[in-house]
Amino acid sequence: MSTVTTHEAFVHPALFYGSEQEYTQQTVAFLREGLANGEPMAVAVPGPNLDLIKAGLGGDAEGILFLDMTEAGRNPGRIIPKVLRGFADAHPKGRVRIIGEPIWAGRSAVEYPACAQHEALINVAFEGRAVTILCPYDEVRLAPEVIADAKVTHPTVISGEGCESVSDAYDWQAVVDRYNQALAPASDAAAFSYGGEDLPEVRQFALAEAMRLGLVGERLMDVELAVAELTTNSVVHGGGCGTLAIWAEQGQLVCEVRDAGRLTDPLAGRRPPERDQLGGRGLMLVHYVADLVRVHVGDDGTTVRFYLSL
């Protein structure tokens, strides 16, 4: 497998595999190529696949950062800032090589749109950087629609036999737009409409509802922090007011903030802010504390919905 040429900057291939043997053979070849080039490398894939790669590398696994993506990337919205950028920014000189597998068969239908957008946004997040990110996809266990999306979010594709080709379907913006889906709140959601003078009350409302619905311990602090950030953004950047809705579904607490603001940066919440930057941290903090974040930008404003396991 050869995925890097000297004139390329960012390289982002999808690897389609149909067996553990293909998975191990291609990922290990990818990493051995990086070892030969002296590149810093990280692997963020689901736990069982970590074991396959480590076994395939044997003693060569030393010095590679290994992360279980089901933990580090449970919320796909924090993979770019915390996992990928976290590693790449720590190695600013020379090329960095990463395996990232953010989509696996256990991902839910609620999570998938954020996963697909994540894969699309990698292309703009790393544009012009000397980074190679290989994204494996299980052709057997993943739905055909997921495999089709991977061909749209990756400029090149690699087969399980190692054959590489240009994707004629590549159009990352199309996937971002397609999964910018309207989010309808639950019919039994408790709601609170707020303005600037109501920020303390809306936080207390969120805490009271979260406790009533069964959230406990440190997760209550996560709700308070996330609601505080989002409602303050509504007042400062979203027309001065908004509506918070909160409910429970399928073992999760769901909080949603709607306001008249319009997010114009597709990487909002996924791009680490510059050290002297004013603002831009609120949505990223929400990504860090929540298990999942969904965002919809429409003609009438922005909806941010976050999920926490009960």
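Note that the coordinates shown come from a computational prediction; the quantities given were computed from them, not determined experimentally.
Residue R203 holds its CZ atom at 12.0 Å from CG of L244, rounded to the nearest 0.5 Å. In this structure, CD1 on I79 lies 4.0 Å from NE2 on H118, to the nearest 0.5 angstrom. Residue I246 holds its CD1 atom at 7.0 Å from CZ of F306, rounded to the nearest 0.5 Å. For the atom pair NE2 of H287 and CG of N75, the computed distance is 6.0 Å after rounding to the nearest 0.5 Å. With values rounded to the nearest 0.5 angstrom, R305 atom CZ is found 10.5 Å from C255 atom SG. We find the CZ-CG distance between R78 and L84 to be 13.0 Å, quoted to the nearest 0.5 Å.
A continuous path of hydrophobic side-chain contacts links I98 to V124 [ILVMFWY only; heavy atoms under 4.5 Å]. In the hydrophobic clustering of this structure, L213 does not group with V289; members are Ile, Leu, Val, Met, Phe, Trp, Tyr whose side-chain heavy atoms approach within less than 4.5 Å, directly or through other members. Under the 4.5 Å side-chain heavy-atom criterion for ILVMFWY residues, no single connected hydrophobic cluster contains both L292 and V223. Hydrophobic cluster membership is shared by L253 and F205, with clusters built from Ile, Leu, Val, Met, Phe, Trp and Tyr side chains linked at under 4.5 angstrom. Residues L207 and Y307 are members of separate hydrophobic clusters, defined by side-chain heavy-atom contacts under 4.5 angstrom among Ile, Leu, Val, Met, Phe, Trp and Tyr.
A side-chain donor-acceptor contact under 3.5 Å links S234 and Y194. Side chains of R262 and T302: a donor-acceptor N/O pair is absent below 3.5 angstrom, by distance only. At a cut-off of 3.5 Å, with distance as the only test, a side-chain donor of Y23 or E101 sits close to an acceptor on the other residue. Side-chain atoms of N37 and E33 form no donor-acceptor pair, as typed in the model, at a separation below 3.5 Å. Counted by atom type alone, S19 and Q21 present zero donor-acceptor pairs between their side chains at under 3.5 Å.
When all heavy atoms of A248 and L310 are compared, the closest pair comes out as CB-CD1, 4.1 Å. The heavy-atom pair separating P76 from R74 by the smallest distance is CD-O, 3.3 Å. The two residues Q117 and N180 make their nearest non-hydrogen contact at NE2-N, 3.6 Å. Taking each heavy atom of V297 and L263 in turn, the nearest pair found is CG1-O, 3.8 Å. Listed here is the closest heavy atom pair of I103 and C115: CG1-CB, 3.7 Å. Taking each heavy atom of T153 and A116 in turn, the nearest pair found is CG2-O, 3.9 Å.
Under a cut-off of 6.0 angstrom, the local environment of CG in D168 is sparse, with at most 12 non-hydrogen atoms contributed by other residues, nucleotides or ligands. Other residues, nucleotides and ligands contribute more than 12 heavy atoms inside 6.0 Å of the CD atom of Q173.
Look at R219 and D291 and you find a salt bridge, because one of the NZ, NE, NH1 or NH2 atoms lies within 4.0 Å of a carboxylate O, short of that distance. A salt bridge links D89 with R129; the closest basic N to acidic carboxylate O contact falls under 4.0 Å. Residues D149 and R178 are paired through a salt bridge, judged by an N-O separation under 4.0 Å between the basic side chain and the carboxylate. A salt bridge links E256 and R258; the closest N-O separation between the charged side-chain nitrogens and carboxylate oxygens is under 4.0 Å.
The salt bridge (charged side-chain N to carboxylate O under 4.0 Å, His left out) test with E39 is passed by exactly one of R32, K93, R97: R97. A side-chain contact (heavy atoms from CB on, under 4.5 Å) with W104 is found for one member of L142, N49, T70, V45 and no other, namely T70.
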query = Can you list the steps and then say if T303 with V257 is a side-chain contact (heavy atoms from CB on, under 4.5 Å)?
reply = CA-CA 6 Å; T303 301; V257 169; over 6 Å; no
task = For I122 and H12, run side-chain contact (heavy atoms from CB on, under 4.5 Å): C-alpha distance rounded to whole Å, both residues' side-chain angles, the deciding distance at 0.1 Å, then the answer.
result = CA-CA 8 Å; I122 287 178; H12 184 210; 4.0 Å; yes
message = Could you walk me through whether V96 and T132 satisfy the side-chain contact (heavy atoms from CB on, under 4.5 Å) test, starting with their C-alpha distance in whole Å, then the side-chain angles of each, then the deciding distance to 0.1 Å, before giving a yes or no?
response = CA-CA 6 Å; V96 171; T132 304; over 6 Å; no
query = Where do R270 and L121 land on the side-chain contact (heavy atoms from CB on, under 4.5 Å) test, with the steps shown first?
reply = CA-CA 9 Å; R270 303 174 190 247; L121 290 170; 3.7 Å; yes
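A donor-acceptor pair under 3.5 Å is absent between the side-chain atoms of D177 and the main chain of A174, judged by distance alone.
Between T243 and F192 there is no side-chain heavy-atom pair separated by less than 4.5 Å. Looking at E209 and R212, their side chains come closer than 4.5 Å, going by heavy atoms from C-beta outward. Put simply, the side chain of I133 does not reach to within 4.5 Å of the side chain of V11, judged on heavy atoms. P155 has its side chain within reach of N123: a pair of non-hydrogen atoms, C-beta onward, lies under 4.5 Å apart. Using a 4.5 Å heavy-atom threshold, the side chains of I99 and P136 count as touching. Here the side chains of Y17 and T24 are not in contact, with every heavy-atom distance at 4.5 Å or above. Contact check for D265 versus R271: side-chain heavy atoms found under the 4.5 Å cut-off. For the pair V152/W172, no side-chain contact is recorded, criterion being any heavy-atom separation below 4.5 Å from C-beta on.
Residues that satisfy the ring-ring contact (aromatic ring centres under 6.0 Å, His included) test with H296, not counting sequence neighbours, are absent from this structure. D68 meets the salt bridge (charged side-chain N to carboxylate O under 4.0 Å, His left out) test with no other residue; sequence neighbours excluded.
Ring-plane geometry between F126 and F10 is classed as parallel, the angle between the planes falling under 30 degrees on a 0 to 90 degree scale with a further cut at 60.
For the pair K151 and Y170, the cation-pi criterion (under 6.0 Å, within 45° of the ring axis) is not fulfilled.
Screening residues 136-146 for side chain to side chain donor-acceptor pair (under 3.5 Å) gives E119-Y137 as the qualifying pairs, with residues at least two apart or on separate chains.
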